[in-house]
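Count residues from 1 along the sequence.
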Amino acid sequence: MMTTLENVTSPANPGFLAKVLAAAQRRHAERGLRKADAGMTLLEVLIVLALISLIAGAIGVTVFNNFKRGQDKTAKLMINEIRGGVQQYMSDNSGDCPPNLEELVTQKFLKKSSTKDPWGKQFTLKCPGEQDSDGFDIASSGRDKQEGTEDDILSWK
């Protein structure tokens, strides 16, 4: 028998609608669902956001410190690359010092990208040098871009 709106509300079938509602309530009760279980409270959401923020902050600090150390190591490697270029220049030019880093790039002893430190400032070449036993000094002003401070990267240290 097909149930239609007439059958549900007809006087011949007065308890049909009540039976349907009672069955729906039983199914709902069997699932164990309550209105409070339907979602999360604002407090729960805030706690989850706070935990995610703490984890992201800790990761951010670690990554940033590793990035800074990586820049320092890159600057030291670049100084060694410049040192090799200067030594080749001097051996090809009877021990004469190059006038500047651009001369090393022009004569293909260095790449153009090797003349700037990781902070975007030009390396300093002093030839003849006063500190290094190779006869020339190479320096980067470091993270603060100020020469003569503690964060300078120097070829003789």
Side-chain angles (χ1 to χ4, degrees), residues 3 5 20-157:
T3 304
L5 188 57
V20 170
L21 288 173
Q25 287 175 345
R26 274 194 310 276
R27 281 193 308 269
H28 190 70
E30 287 171 3
R31 290 185 196 144
L33 296 175
R34 295 185 332 228
K35 192 172 186 175
D37 291 336
M40 295 174 57
T41 65
L42 179 61
L43 181 62
E44 291 169 331
V45 171
L46 290 175
I47 289 171
V48 169
L49 288 175
L51 290 173
I52 290 171
S53 298
L54 285 171
I55 292 169
I59 290 171
V61 167
T62 303
V63 168
F64 186 68
N65 286 338
N66 286 339
F67 179 71
K68 290 186 336 187
R69 275 188 295 221
Q71 284 180 316
D72 291 345
K73 287 180 182 179
T74 300
K76 290 175 185 175
L77 289 172
M78 293 173 82
I79 283 177
N80 286 334
E81 185 178 340
I82 293 170
R83 173 182 276 135
V86 171
Q87 289 171 342
Q88 286 179 339
Y89 179 93
M90 291 174 76
S91 69
D92 287 355
N93 292 293
S94 305
D96 292 337
C97 288
N100 52 39
L101 293 175
E102 274 64 30
E103 183 66 23
L104 295 174
V105 172
T106 303
Q107 294 194 19
K108 308 282 187 207
F109 291 107
L110 281 181
K111 297 176 193 170
K112 180 71 175 166
S113 61
S114 299
T115 62
K116 290 194 176 187
D117 65 16
W119 303 278
K121 196 162 181 207
Q122 191 84 12
F123 281 101
T124 305
L125 171 65
K126 190 173 185 183
C127 195
E130 300 169 358
Q131 306 289 330
D132 205 339
S133 61
D134 291 337
F136 52 89
D137 299 337
I138 306 165
S140 165
S141 56
R143 203 173 297 118
D144 66 359
K145 299 180 183 177
Q146 301 291 322
E147 291 185 20
T149 57
E150 289 181 16
D151 70 338
D152 290 358
I153 312 286
L154 309 168
S155 63
W156 57 92
K157 285 188 177 180

By ring-ring contact (aromatic ring centres under 6.0 Å, His included), Y89 pairs with (sequence neighbours left out) F109

Would you name the heavy atoms of A75 and I153 that are closest together and state the gap between them?
-> CB-CG1, 4.0 Å

When rounded to the nearest 0.5 angstrom, what distance separates CD in E103 from CG in N93?
-> 8.0 Å

Which residues share a side chain to side chain donor-acceptor pair (under 3.5 Å) with E81, sequence neighbours left out | S114

Please report the closest heavy-atom contact between I79 and S155, naming both atoms and the distance.
-> CG2-CB, 3.6 Å

To the nearest 0.5 Å, what is the distance between OG1 (T115) and CG (L125)?
-> 11.5 Å

Just do the side chain to side chain contact (heavy atoms under 4.5 Å, CB included) check on S140 and W119 with the steps written out, would you?
-> CA-CA 9 Å; S140 165; W119 303 278; 3.7 Å; yes

Can you name the one residue among K68, M78, K73 that meets side-chain contact (heavy atoms from CB on, under 4.5 Å) with P118?
-> M78

For A23, what residues pass the side-chain contact (heavy atoms from CB on, under 4.5 Å) criterion, not counting sequence neighbours?
-> R26, R27

Residue set satisfying salt bridge (charged side-chain N to carboxylate O under 4.0 Å, His left out) with K126, at least two apart, ordered chain then number -> E130

ring-ring contact (aromatic ring centres under 6.0 Å, His included) contacts touching residues 133-157 (sequence neighbours left out) = none

Euclidean distance, I82 CD1 relative to L104 CG, rounded to 0.5 Å | 8.0 Å

From CA spacing to verdict: side chain to side chain contact (heavy atoms under 4.5 Å, CB included), Q131, L154 = CA-CA 10 Å; Q131 306 289 330; L154 309 168; over 6 Å; no

Disulfide bond (SG atoms under 2.5 Å apart): which pairs involve residues 96-157, sequence neighbours left out?
-> C97-C127

Can you tell me which residue pairs pass the salt bridge (Lys or Arg N to Asp or Glu O under 4.0 Å) test with a partner in residues 135-157, sequence neighbours excluded?
-> D72-R143

Please identify each residue that fulfils side chain to side chain donor-acceptor pair (under 3.5 Å) with R69, with sequence neighbours left out.
-> N66

All side-chain contact (heavy atoms from CB on, under 4.5 Å) counterparts of L43, not counting sequence neighbours = T41, I47

Got a sec, which pairs hit salt bridge (Lys or Arg N to Asp or Glu O under 4.0 Å) with one end in residues 82-99, sequence neighbours left out?
-> R83-D132, R83-D134

Go through the structure and list residues passing side-chain contact (heavy atoms from CB on, under 4.5 Å) with L46, not counting sequence neighbours.
-> L42

Pairs meeting criterion salt bridge (Lys or Arg N to Asp or Glu O under 4.0 Å) with involvement of residues 107-121, two or more places apart = E102-K112

